[in-house]
Amino acid sequence: DGDGASGAGERAAVATAPGLNHGLEEGGGRLYASSDTTVYAWPYPAGSTSPIPDSSRREVVTNINADGRGGAPRGHTTRSLALDLVNGWLYVSVGSYSNVDVDSHRSRIRRFALADLHDDSQAPLDFQAGYVFADGLRNEVGLAFDASGVLWGVENGA
């Protein structure tokens with residue numbers, strides 16, 4: 001209703017998948033959401049509040065948690081997403097195992113080409129094979145592009 005507050009009549013669950021956390025992006029006719037192990041995509045007409053059938057859900061990035069050291073009871077479980085429609089990329093951030101990691105293998109932002117994510121001959125893509133865009137980050141829980149197209153991250157400090 002434009003009053004700046006989300007009332008019960010203005011909210012709708014449009015997509016579901018196992019273990020979703022806070023990673024959510026929309027653009028290019030798709031909705032993206034993450035769990036601690038997987039990034040999912042659904043076809044999504046912008047602004048729609050109609051539920052998307054589970055049969056439309058696709059795994060587009062998997063193997064995020066393959067080393068067994070992410071997620072409860074240890075390690076950061078959030079998987080932040082950033083969508084760059086101008087250049088055709090999806091960025092996926094995974095936090096460190098603890099506050100300070102000797103090996104930064106986990107604590108990275110990886111980048112994936114949108115064209116590959118939606119190519120049935122390639123998807124789902126293996127997270128470990130994604131391009132390492134940033135390394136040694138504790139836990140980027142917020143990702144956003146500024147007006148110049150530069151990606152910024154926000155951490156919750158220790």
Side-chain angles (χ1 to χ4, degrees), residues 11-72 74-97 101 103-155:
R11 290 178 284 220
V14 296
T16 61
L20 293 179
N21 57 41
H22 81 269
L24 186 65
E25 282 289 318
E26 179 271 321
R30 292 190 174 87
L31 179 67
Y32 299 87
S34 63
S35 72
D36 66 341
T37 62
T38 307
V39 177
Y40 301 95
W42 297 262
Y44 180 72
S48 174
T49 57
S50 299
I52 304 168
D54 284 345
S55 61
S56 296
R57 179 180 65 226
R58 295 189 59 230
E59 293 182 349
V60 293
V61 179
T62 59
N63 196 28
I64 295 175
N65 215 12
D67 67 356
R69 294 184 57 190
R74 302 258 339 230
H76 297 100
T77 59
T78 55
R79 307 295 185 242
S80 301
L81 305 176
L83 187 59
D84 177 1
L85 293 174
V86 173
N87 296 300
W89 302 109
L90 177 69
Y91 295 81
V92 182
S93 175
V94 172
S96 59
Y97 176 62
D101 284 352
D103 176 2
S104 67
H105 180 73
R106 279 182 45 90
S107 48
R108 294 178 170 161
I109 298 174
R110 294 186 188 250
R111 184 174 74 188
F112 301 90
L114 292 174
D116 294 344
L117 293 177
H118 302 291
D119 178 346
D120 289 337
S121 69
Q122 295 189 56
L125 301 179
D126 185 325
F127 178 77
Q128 304 303 321
Y131 173 81
V132 176
F133 176 79
D135 183 55
L137 307 169
R138 182 178 173 273
N139 191 27
E140 302 305 294
V141 293
L143 297 175
F145 291 95
D146 67 15
S148 298
V150 176
L151 181 64
W152 292 85
V154 176
E155 292 191 4

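In this text the structure is predicted, and so the values were computed from the model without any measurement.
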Closest non-hydrogen atom pair, [X] against [Y]:
X      : Y      : answer
Ala33  : Leu20  : CB-CD2, 3.9 Å
Ala15  : Leu31  : CB-CD2, 3.9 Å
Asp36  : Arg79  : O-NE, 2.9 Å
Ser107 : Leu137 : CB-O, 2.6 Å

What is the distance from atom [atom1] of [X] to atom [atom2] of [Y], rounded to the nearest 0.5 Å?
X      : Y      : atom1 : atom2 : value
Ser80  : Leu24  : OG    : CG    : 11.0 Å
Ser34  : Glu25  : OG    : CD    : 10.0 Å
Asn63  : Asp126 : CG    : CG    : 4.0 Å
Ser93  : Phe133 : OG    : CZ    : 11.0 Å
Arg57  : Thr16  : CZ    : OG1   : 6.0 Å
Leu114 : Leu85  : CG    : CG    : 6.5 Å

Q. Can you check side-chain contact (heavy atoms from CB on, under 4.5 Å) on Leu90 and Leu117, steps first, answer last?
A. CA-CA 9 Å; Leu90 177 69; Leu117 293 177; 3.7 Å; yes
Q) So do Val61 and Thr38 actually touch side chain to side chain, heavy atoms under 4.5 Å? A)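 No, every pair of side-chain atoms sits at 4.5 Å or beyond.
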Q) Under 3.5 Å, is there a donor-acceptor pair between the Asn21 and Ser35 side chains? A) no
Please confirm whether the backbone N or O of [Y] pairs with a side-chain atom of [X], one donor and one acceptor, at under 3.5 Å?
X      : Y      : result
Glu155 : Glu140 : no
Asn87  : Trp89  : no
Arg111 : Gly130 : no

Q) Looking at Tyr131, does the NZ or CZ of Arg110 lie under 6.0 angstrom from its six-membered ring centre and within 45 degrees of the ring axis? A) no
(Q) Evaluate Ile64 against Val39 for side-chain contact (heavy atoms from CB on, under 4.5 Å), listing each step before the verdict. (A) CA-CA 9 Å; Ile64 295 175; Val39 177; 4.1 Å; yes
**Q.** Test salt bridge (charged side-chain N to carboxylate O under 4.0 Å, His left out) applied to Asp120 and Arg58, step by step
**A.** CA-CA 10 Å; Asp120 289 337; Arg58 295 189 59 230; 2.9 Å; yes
Q | Set of salt bridge (charged side-chain N to carboxylate O under 4.0 Å, His left out) partners for Arg108, sequence neighbours left out | A |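 Arg108: salt bridge (charged side-chain N to carboxylate O under 4.0 Å, His left out) contacts with Asp135.
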Q | Ring center gap for Tyr91 and Phe145 short of 6.0 angstrom | A |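 Yes: the rings meet the under 6.0 Å criterion.
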Atom pairs and distances, side-chain donor-acceptor, residues 45-53, under 3.5 Å, sequence neighbours left out:
| from | atom 1 | to | atom 2 | distance (Å) |
| --- | --- | --- | --- | --- |
| Ser48 | OG | Ser50 | N | 3.2 |

Q | side-chain contact (heavy atoms from CB on, under 4.5 Å) evaluation trace for Ile109 with Val92 | A | CA-CA 5 Å; Ile109 298 174; Val92 182; over 6 Å; no
Q. Can you list every ring pair (Phe, Tyr, Trp, His ring centres under 6.0 Å) pair that touches residues 14-64, not counting sequence neighbours?
A.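 Every ring pair (Phe, Tyr, Trp, His ring centres under 6.0 Å) pair that includes a residue of residues 14-64, provided the two are not neighbours, is Tyr32-His118.
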